[in-house]
Amino acid sequence: MRVLHLDRNHDILAQGLSELGCTNVFDFKSPKKDIMAIIKNHDAIVIRSRFPIDKTFLDAAKHLRFIARVGSGLENIDVAYANTLGIEIIASPEGNANAVGNHALAMLLGLLNNLPKGAEDIANGKWEREGNRGEELDGKTIGLIGYGHTGSHFAKKLQGFDVKVLCHDILPNKGDENATQVSLDSLQTQADIVSLHLPQTPETEAYINVDFINHMAKPFWLINTSRGNQVVIDDLLEAMENKTIKGAGLDVLLFEKSSFEQLDHNPRLQQLIDNPKILLSPHVAGWTHQSKERLAQVIVDKVKGRFFKHP
C-alpha cells in the first residue's frame with residue numbers, strides 16, 4: 001500500500017505504517033493541482049489541514065482506500081462523497097483530547113485569576129493588587145456544550161474542584177460520572193461558565209451569538225477550544241462591553257494566522273487583543289509534544305486494525 005503524506009507529523013506515524021508493510025511517500029510542498037495529477041498512484045493519504053479534500057480531488061484518486069486525518073475535525077474532507085466511493089475516513093480525536101482538556105482548564109483559571117492582566121501590569125512596572133483580585137472556581141457551575149472526547153476530558157480535569165459540571169449534546173445518554181447531561185435551556189439557566197467542545201458543522205456555526213448570550217440567566221465566562229466560526233465576535237465584544245460576558249478564553253478565531261500579519265486591517269482582532277478580560281492563544285489547545293505523538297499513534301493503530309487484521 002502506497003501512502004502519500006501531505007503534512008508533517010510525528011515520525012512514529014510513517015515508521016508504524018512502514019512496519020505494517022506500507023510504502024511512505026512524502027510531499028509537503030506541491031500545490032494541490034500537482035498532487036491531483038499523481039494521486040491515482042497512491043492507495044492512501046495522510047493529511048492534517050493542508051487543503052480541502054473535495055469531490056474533484058476524490059474523483060482523481062482512482063485507487064484510494066483510506067484518508068487519515070491527523071486530528072479530530074473532518075470539515076476539510078467531503079466525507080459523504082468519499083463514503084460513496086468506498087474510501088474509509090480515519091481520524092484521531094482521541095489523540096489530543098487530553099491536551100485540549102488541560103488547555104481549557106488553564107484558560108479558565110487564567111481568566112478567573114486575572115493572570116494575563118496581572119502579568120502585563122508587572123511587565124509595565126505596575127503593582128496592582130486590588131485590580132487583579134480573582135475569582136475562585138469552586139462553587140461555580142460549568143456548562144460543557146458538546147460532550148465527546150474533549151468535553152469529557154475537560155470534565156474529568158474539573159473533578160478536583162468543588163464544582164457542578166453540566167453537559168449538553170445532541171446525542172442522548174452522553175452524560176457520565178463527571179457531568180450531568182441537561183437540555184440547553186437548563187444549562188443556560190444554571191451555568192456560570194460555558195465551554196465549547198463542538199465539531200464544525202453548519203449547525204454549530206455562529207453558535208455563541210446574541211440570542212444565545214441573551215438566553216443566559218446570568219453573566220458568564222466563555223471558553224472556546226473548538227472552532228473560531230462558532231463565536232460571533234461582534235456579539236462577544238458587545239457582551240463584554242455590557243458585562244453579560246465576564247471574560248473569554250479563545251484558542252480559536254474566525255480570523256487566525258493571516259490576520260495577525262495584517263492587524264491594521266482587522267480592528268475587531270485588535271479589540272480582542274486589547275481587552276484585558278480576553279485571553280487568546282494561537283490554536284494550540286491540542287498542540288502539545290505529547291499529543292503530536294499520540295495523534296500519530298492512534299492513526300497507526302486504526303490503520304492496523306482496519307486494513308491489516310490477522311486471523
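Computed over heavy atoms, backbone and side chain alike; hydrogens, waters and symmetry mates excluded.
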#### Entry: Residue pair Val46 / Asn24, side-chain heavy-atom distance below 4.5 Å
no
### Query
In Å and rounded to the nearest 0.5 Å, what is the CD1 to CD distance from Ile213 to Gln188?
10.5 Å
### Student check: side-chain heavy atoms of His168 and Leu144 closer than 4.5 Å
no
### Message
Do Ile45 and Val79 land in one hydrophobic cluster if side-chain heavy atoms of ILVMFWY residues count as linked below 4.5 Å?
### Response
yes
### Short side-chain to backbone donor-acceptor contact, Ser152 and Gly148, under 3.5 Å
yes
### Query
Looking at Glu94 and Arg294, does any basic side-chain N land under 4.0 Å from a carboxylate oxygen?
no
### Flag, side chain of Asn76 to backbone of Pro52, donor-acceptor distance under 3.5 Å
no
### Task
Kindly determine whether Lys29 and Asp34 satisfy salt bridge (Lys or Arg N to Asp or Glu O under 4.0 Å), including the steps that lead there.
CA-CA 10 Å; Lys29 295 183 178 180; Asp34 291 350; over 6 Å; no
### Nearest heavy atoms of Val232 and Ala206, plus distance in Å
CG2-CB, 3.6 Å
### Task
With the side chain counted from C-beta on, respond yes when Asn83 and Glu88 share a heavy-atom pair under 4.5 Å apart, and no when they do not.
no
### Task
Apply side-chain contact (heavy atoms from CB on, under 4.5 Å) to the pair Asn224 and Ile208, showing each step before the final yes or no.
CA-CA 10 Å; Asn224 186 15; Ile208 303 296; over 6 Å; no
### Query
Measuring from Glu135:CD to Leu112:CG, what's the distance to the nearest 0.5 Å?
7.0 Å
### Task
Spell out, as yes or no, whether a donor-acceptor pair under 3.5 Å connects the side chain of Gln230 to the backbone of Pro199.
yes
### Query
Do the side-chain N and O atoms of His149 and Ser72 include a donor-acceptor pair separated by under 3.5 angstrom?
no
### Summary
Distance col, row Met36:CE vs Phe51:CZ, nearest 0.5 angstrom, shows 9.0 Å
### Val298 to Ala91 - nearest heavy-atom pair and separation
CG1-O, 4.3 Å
### Task
For atom CD of Glu241, decide whether the heavy atoms of other residues, nucleotides or ligands shown that lie under 6.0 angstrom number more than 12.
no
### Query
Sub-3.5 Å donor-acceptor pair from the side chain of Asn275 to the main-chain atoms of Gln271, do we have one?
no
### Query
Does a donor on one side chain sit under 3.5 Å from an acceptor on the other, for Lys157 and Asn98?
yes
### Query
Can you check whether Leu85 reaches Leu58 side chain to side chain, under 4.5 Å on heavy atoms?
yes
### Main-chain N/O of Gly175 paired with Asn173 side-chain donor or acceptor, under 3.5 Å
no
### Message
Tell me whether the count of non-hydrogen atoms from other residues, nucleotides or ligands lying under 6.0 Å of CZ in Arg306 goes above 12.
### Response
yes
### Query
Counting only heavy atoms not in Lys246, do more than 12 sit closer than 6.0 Å to its NZ atom?
yes
### Message
For Asn242 and Thr244, which I'm curious about, is there any donor-acceptor pair between the side chains at under 3.5 Å?
### Response
yes
### Query
Please walk me through it: do Thr204 and Thr201 pass side-chain contact (heavy atoms from CB on, under 4.5 Å)?
CA-CA 5 Å; Thr204 64; Thr201 68; 3.4 Å; yes
### Message
Taking the basic N atoms (NZ, or NE/NH1/NH2) and the acidic carboxylate oxygens, is any pair closer than 4.0 Å for Asp162 and Lys140?
### Response
no
### Task
Could you tell me if the ring centre of His197 sits under 6.0 Å from that of Tyr147?
no
### Query
Any chain of hydrophobic side-chain contacts (each under 4.5 Å) joining Ile245 to Leu272?
yes
### Query
Are the side chain of Ser92 and the backbone N or O of Gly95 linked by a donor-acceptor pair below 3.5 Å?
no
### Query
Between Phe154 and Val100, is any pair of side-chain heavy atoms under 4.5 Å apart?
no
### Query
Take atom CG in Asp274; do more than 12 heavy atoms of anything else shown fall under 6.0 Å from it?
yes
### Query
Of all heavy-atom pairs between Leu13 and Asn9, which one has the smallest distance, and what is that distance?
CD1-CB, 4.1 Å
#### Entry: Residue pair Asn41 / Lys62, side-chain donor-acceptor N/O under 3.5 Å
no
### Task
Please state whether the rings of Phe212 and Phe220 are parallel, tilted or perpendicular, taking 30° and 60° as the class boundaries.
perpendicular
### Query
Quick one: do the Asn132 and Asp121 side chains pair a donor with an acceptor below 3.5 Å?
yes
### Task
Give the cluster check for Leu280 versus Ile223: same hydrophobic cluster or not, with ILVMFWY residues linked at side-chain heavy-atom distances below 4.5 Å.
no
### Task
Determine the minimum heavy-atom distance between Ser281 and Val284, stating which atoms define it.
CB-CG2, 4.2 Å
### Task
Could you go through the side-chain contact (heavy atoms from CB on, under 4.5 Å) check for Met1 and Thr23 one step at a time?
CA-CA 6 Å; Met1 188 182 296; Thr23 299; over 6 Å; no
### Query
Is the side chain of Asp176 donor-acceptor paired with the backbone N or O of Ala179 at a distance under 3.5 Å, no angle test?
yes
### Message
Can you give me the closest heavy-atom contact between Tyr207 and Ile145, atom names plus distance?
### Response
OH-CG2, 3.6 Å
### Result of checking His5, Arg48, Lys292, His10 against Val70 for side-chain contact (heavy atoms from CB on, under 4.5 Å)
Arg48
### Task
Answer yes or no: is there a side-chain heavy-atom contact under 4.5 Å between Met216 and Val194?
yes
### Query
Between Thr150 and His153, does a side-chain contact (heavy atoms from CB on, under 4.5 Å) hold up when you go through it step by step?
CA-CA 5 Å; Thr150 64; His153 273 74; 5.7 Å; no
### Task
Keeping the roles fixed (side chain from Asp169, backbone from Gly146), state whether a donor-acceptor pair exists under 3.5 Å.
no
### Query
Strictly by modelled atom types, are Gln190 and Ser186 linked by a side-chain donor-acceptor pair under 3.5 Å?
yes
#### Entry: Within one Ile-Leu-Val-Met-Phe-Trp-Tyr cluster: Leu6 and Leu74, side-chain cutoff 4.5 Å
yes
### Query
So which of Leu187, Val165, Leu166 actually passes side-chain contact (heavy atoms from CB on, under 4.5 Å) with Thr180?
Leu166
### Query
Under 4.5 Å between any side-chain heavy atoms of Asn114 and Lys277, yes or no?
yes
### Query
Going hydrophobic residue to hydrophobic residue with side-chain gaps under 4.5 angstrom, can you get from Phe161 over to Leu111?
yes
### Message
For Asp59 and Tyr81, which I'm curious about, is there any donor-acceptor pair between the side chains at under 3.5 Å?
### Response
yes
### Query
Does CD belonging to Glu136 count more than 12 external heavy atoms closer than 6.0 Å?
no
### Query
Can Lys117 and Glu120 be counted as an ion pair, charged N to O under 4.0 angstrom?
no
#### Entry: Atom CD1 of Ile170 with >12 non-hydrogen neighbours under 6.0 angstrom
no
## Note on the structure
In short, Asp78 meets Asp54 closest at the heavy-atom pair CB-CA, 4.3 Å
### Query
Between CD of Glu238 and CD1 of Ile233, what distance do you get to the nearest 0.5 Å?
13.0 Å
### Message
So Leu279 and Leu250, do their side chains get closer than 4.5 Å, heavy atoms only?
### Response
no
### Query
Quick one: does Glu293's side chain have a donor or acceptor within less than 3.5 Å of a partner on Ile12's backbone?
no
### Message
Under a 3.5 Å distance rule, please check whether Ser18 uses its side chain to pair with a backbone N or O of Ala14 as donor and acceptor.
### Response
no
